[in-house]
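The sequence lines fix the lettering, A, B, ..., with proteins before strands; numbering per chain opens at 1. It should be emphasised that the depicted structure is a prediction, and the values quoted were computed from it without experimental measurement.
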Amino acid sequence: MIKNFIQELKWRGMLHDCVPGTEEQLTKEMTIGYIGFDPTADSLGVGNLVQIMTLLHFQRAGHKPIALVGGATGMVGDPSGKSQERNFLSEEVLQHNLNCQKKQLEKFLDFESGVNSAEIVNNYDWFKNFTFLEFIRDVGKHITINYMMAKDSVQKRMDTGMSFTEFSYQLVQGYDFYYLWKHKGVKLQMGGSDQWGNIVTGTELIRRKDSGDAFALTTPLIKKADGTKFGKTEGGNIWLDAKRTSPYQFYQFWLNASDEDSKNYIRIFTLMTQAEIEAMEAEHAKAPNFRILQKALAKDITIRVHSETDYNAAVEASEIFFGKGTIEQLKSVSQRGDFLDILREAGVPSFQIGALDIKNGINIVDFVAEKTKIFSSKGEARKMIQAGGVSINLNKISDVNLIVNNDYLLPNSYILIRKGKKEYSMVNVVG
RNA sequence: GGGGAGAUAGCCAAGUGGCCAAAGGCAACAGACUGUAAAUCUGUCCUCUUCGGAGUUCAUAGGUUCGAAUCCUAUUCUCCCCA
């Protein structure tokens, strides 16, 4: 049962370009396609999620997806989009990254669906015994320097310089495609639009070496409506690994998407149908303040990347933090034994303070800047308080001389501090 | 190898003896408005501060001067042109 993958990508806004004949190939038969992942970090980020979703849609359309982790290519370094020569990663780091990414990928695809089960391969497996001489004779011979030089990724580096290693990258990646085509019957390589050059080097190699036919398809680079880069916030990258980006932060990232962006995101990052999405958009337009799209988006992705439990904790924490949360609600919910765990799970940083300090009363500035490290200096804390940027137990404070004492303790002996608009910390009383 | 231009805060960029902790822009952070959105407006934006100030900066190391981002010397790095 094969669905039209190309049409699917099109309405989702996930198709940037493809080689002529790709659609015919995909409607004709079950096709094996792959996408490569670069092991630059030990977790994939939301940027990689686009490629993961592409593979998932590919599989759901009835085709067989292969995720390739770049054990070999990661050793070389892709020059695409880079203005400078890359630093090598050590082999242990590379291996570690590879394993972590592999585990993450396994979460998304279906590895037990018969003929079109997903697979994960590592290109190091076919490169490790490939000697340099063999490579330049068997592969290098078929691609001219002129062809390689014409590539955008190479042209951009002509002024600043580029090592032979990075220059060779496209051949190495090109050979991946050839190898998979030859040995696994792979006919399609997909990737971000920045990969176009590398991908067609592969199709070219297949054509010249074996007169074979292979196809290429790319997805557009995702940008936010304001033109800034997708997947980054003030805290840096948004990762799929809960250790790097807590499920709460992850949920918040999607929930904070602008109206404009959420329309694109919901098409790309969820499996909802066109009808479902359009109905939701209509509803959203009626009452944008309910942020129906953002909530649906955040729910869908958080559950898929993390879990239902994580999602519920994230929502609960969000409601207390940003809902019409009053101090009474905060108090009542704090009585629950598991609430502190929810906060912790949400990635709310926690600090400790001695019971005696609180009992005697402590100046708010000392409290947030000295006894705890919520602020890095007293001056900063004072400025922030004066600007109205600090809340204690959901109440905004403005007095820098405020004394914090036992009256401020919530059930289960803690105090909730908000710094700025979205950053919460909890302070636990110990001893 | 020869000639030229340059290095200023997270980034871009002005400043060519004192009025310089250094214009302006971007980014970031906070506030107001809102919907935890976008846009807009306001404030902060080297570090610390008892908000009076104090300390450390303009590639690096020396020097001239009452006083240096600014002048001199050496060094390192970057870019451009010629061979």
C1' spacing across the pair B:U73 / B:U64, given as an integer number of angstrom: 11 Å
Phosphate OP1/OP2 of B:A32 contacted by A:Lys396 side-chain N/O (<4.0 Å): yes
Atom pair distance, as rounded to whole Å: CE in A:Met384 and P in B:A28: 15 Å
Pairing nucleotide - B:U70, Watson-Crick or G-U, each distance under 3.5 Å: none
Distance flag, aromatic centroids of A:Phe250 and A:Trp239, threshold under 6.0 Å: no
Nearest-angstrom distance, C1' atom, B:U76 to B:C11: 23 Å
Per A:Ala387 side chain, nearest of listed nucleotides B:C48, B:A30, B:G35: B:A30
Watson-Crick or G-U wobble mate for B:G17, both contacts under 3.5 Å: none
Test: A:Glu308 and A:Lys299 ion pair at under 4.0 Å: no
Euclidean distance, atom NZ of residue A:Lys378 to atom P of B:U47 [Å, nearest integer]: 18 Å
Earlier contact from the 5' end, RNA chain B, for A:Glu380 and A:Leu255: A:Leu255
A:Asp261 CG - B:A38 P separation (whole Å): 9 Å
Euclidean distance for P, B:G63 against B:U57 (whole angstrom): 15 Å
Pairing partner (Watson-Crick or G-U wobble, both distances under 3.5 angstrom) of B:G52: none
Check: B:U36 base within 3.5 Å donor-acceptor of A:Gln252 side chain: yes
Candidate pair A:Asn4 and A:Glu23, rule side chain to side chain contact (heavy atoms under 4.5 Å, CB included), full reasoning: CA-CA 8 Å; A:Asn4 192 320; A:Glu23 187 163 7; 3.1 Å; yes
Mate of B:U64 where both pairing distances stay under 3.5 Å, Watson-Crick or G-U: none
Closest listed nucleotide, where the reference is the side chain of A:Arg382 and the choices are B:C48, B:C33, B:C51: B:C51
A:Arg267/A:Glu8 salt bridge by N-O under 4.0 Å criterion: no
Between B:A30 (C1') and A:Lys419 (NZ): distance, integer Å: 11 Å
Syn-anti status, with the boundary at 90° from 0, for the nucleotide B:G52: syn
C1' spacing across the pair B:G18 / B:A32, given as an integer number of angstrom: 41 Å
Touch class at under 4.0 angstrom, heavy-atom based, for A:Glu260 against every strand present: nothing
Salt-bridge present (A:Asp241, A:Arg244; N to O < 4.0 Å): no
Distance below 4.0 Å between A:Ser377 side-chain N/O and B:U49 OP1 or OP2: yes
Nearest-angstrom distance from the residue atom CD of A:Gln294 to P of B:A37: 10 Å
Residue closer to the 5' end of RNA chain B, A:Phe290 versus A:Arg418 (nearest nucleotide): A:Arg418
Gap between atoms CD and P, on A:Gln386 and B:C51 respectively (whole Å): 10 Å
Base partner of B:G35, which must satisfy Watson-Crick or wobble distances under 3.5 Å: none
Touch class at under 4.0 angstrom, heavy-atom based, for A:Ser318 against every strand present: base
Nearest-angstrom distance, C1' atom, B:U42 to B:G62: 47 Å
For atom CZ of A:Phe375 and atom P of B:U44, their distance in whole Å: 17 Å
Inter-nucleotide C1' distance (B:G67, B:A28), Å rounded: 36 Å
Separation of B:U50 P from A:Ile385 CD1 (nearest whole Å): 12 Å
Pairwise P distance, B:C82 and B:C29 [rounded to whole Å]: 46 Å
Strand partner of B:C29, provided both Watson-Crick or wobble distances fall under 3.5 Å: B:G43
G-U wobble or Watson-Crick pairing nucleotide for B:U78 (cut-off 3.5 Å, both distances): B:A5
Rounded distance in Å between the C1' positions of B:G10 and B:G4: 31 Å
Base-pairing mate for B:U57 - Watson-Crick or G-U, with both contacts under 3.5 Å: none
Carboxylate-amine/guanidinium contact A:Asp366 A:Lys378, below 4.0 Å: yes
Charged tip of A:Arg208 within 45° of A:Tyr147 ring normal and under 6.0 Å: yes
Closest listed nucleotide, where the reference is the side chain of A:Asp259 and the choices are B:U50, B:U34, B:G35: B:G35
Salt-bridge criterion met for A:Arg60 and A:Asp110 (N-O under 4.0 Å): no
